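When reading the values below, keep in mind they use all heavy atoms of this one structure, side chains included, and skip hydrogens, waters and symmetry mates. So you know, we letter chains A, B, ... as the sequences are listed, proteins then strands, and number each from 1. In this text the structure is predicted, and so the values were computed from the model without any measurement.
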Amino acid sequence: MKNTREARQRTQQDFSERVWQLVAAIPSGNVATYGQIATLAGSPQRSRLVGRILSHLPAESRLPWYRVINAQGKISNPDPKRQQQLLELDGVEVKLLRVKLRRYQWQS
DNA sequence: CCTATGACCATAG
DNA sequence: CCTATGGCCATAG
């Protein structure tokens, strides 16, 4: 298995596509964690990259990025107000930027 | 190459 | 509950 720049980019592209696919599959009313998405996408170590990928979505994207929060159940988006509002439209309770994972975490 | 910086995470105190 | 720490990975300078 050669390790060319192209090959590396391809695997990262694959990862991104899986992330998009998985995020799109999170049902309304549920949330997932960055680590959960990374694990389901096949790379448990890349939770950080999941956040990066979501942060780079085009503004007009219809992907429900706001359904992804951190492992503590907390919104870690630097601009959390919009995310909280969108989650509440889903019927998810948010208190002090926090969601009860026990209740809302996506059981994939 | 090295350092700094993230929408992260688990663990320890 | 909080902060600190070490680990992780990709990108930018």
Side-chain angles (χ1 to χ4, degrees):
Chain A
M1 164 93 155
K2 54 182 179 178
N3 187 22
T4 63
R5 186 173 59 85
E6 292 75 21
R8 189 157 24 84
Q9 279 189 350
R10 184 184 52 70
T11 64
Q12 292 176 179
Q13 181 65 22
D14 288 348
F15 182 75
S16 292
E17 289 173 3
R18 285 185 213 139
V19 167
W20 297 327
Q21 183 62 50
L22 286 160
V23 172
I26 304 170
S28 175
N30 282 43
V31 297
T33 70
Y34 297 96
Q36 181 182 1
I37 296 298
T39 298
L40 290 171
S43 298
Q45 314 297 77
R46 293 199 226 188
S47 53
R48 247 180 150 139
L49 187 53
V50 174
R52 183 185 168 76
I53 290 167
L54 297 185
S55 76
H56 288 174
L57 289 175
E60 67 274 14
S61 173
R62 282 176 349 283
L63 209 66
W65 54 268
Y66 56 88
R67 293 177 186 155
V68 185
I69 60 182
N70 71 25
Q72 289 76 50
K74 218 169 157 189
I75 292 175
S76 49
N77 186 317
D79 175 28
K81 298 202 132 194
R82 192 158 81 97
Q83 184 165 4
Q84 169 161 351
Q85 188 177 2
L86 290 166
L87 283 172
E88 287 171 344
L89 287 177
D90 274 1
V92 174
E93 293 179 50
V94 185
K95 290 183 185 178
L96 302 177
L97 305 183
R98 186 163 310 181
V99 172
K100 285 189 179 179
L101 289 177
R102 278 287 151 71
R103 178 168 176 187
Y104 294 105
Q105 185 167 24
W106 180 33
Q107 305 302 130
S108 52

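- Put simply, the side chain of A:I69 reaches to within 4.5 Å of the side chain of A:Q83, judged on heavy atoms.
- Comparing the C1' positions of C:dC8 and B:dG6 gives an interatomic distance of 12 Å, to the nearest angstrom.
- Along DNA chain C, the nucleotide nearest A:R98 and the nucleotide nearest A:Q45 are compared for position; the residue whose nucleotide lies closer to the 5' end is A:R98.
- The shortest distance between the side-chain N/O atoms of A:R46 and the OP1/OP2 oxygens of C:dA10 is below 4.0 Å.
- Side-chain atoms of A:E17 and A:Q13 form a donor-acceptor pair, as typed in the model, at a separation below 3.5 Å.
- Within the 4.5 Å cutoff, the side chain of A:W106 has heavy atoms near those of the A:L40 side chain.
- Annotation for A:L89: atom CG counts as buried by contact number, over 12 foreign heavy atoms lying within 6.0 Å.
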*What string of B, S and - do you get for nucleotides 2-13 of chain B, 5' to 3', when a contact is any protein heavy atom under 4.0 Å?*
----BBBSS---
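- In plain terms, the two heavy atoms of A:S76 and A:N70 that are nearest each other are CB-ND2, 3.8 Å.
- Distance noted for atom C1' between C:dG13 and B:dA7: 22 Å (whole Å).
- Using modelled atom types, no side-chain atom of A:Q36 and backbone atom of A:S108 make a donor-acceptor pair closer than 3.5 Å.
- Looking at heavy atoms from C-beta onward, A:L87 lies in side-chain contact with A:I75 at the 4.5 angstrom threshold.
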*Using Watson-Crick or G-U wobble pairs with both distances under 3.5 Å, give me DNA chain C in dot-bracket, 5' to 3', with [ ] for crossers and | for pairs to another strand.*
.||||||.|||||
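- By the neighbour-count criterion of 12 heavy atoms within 6.0 Å, atom CD of A:E88 is densely surrounded, having more than that number from other residues, nucleotides or ligands.
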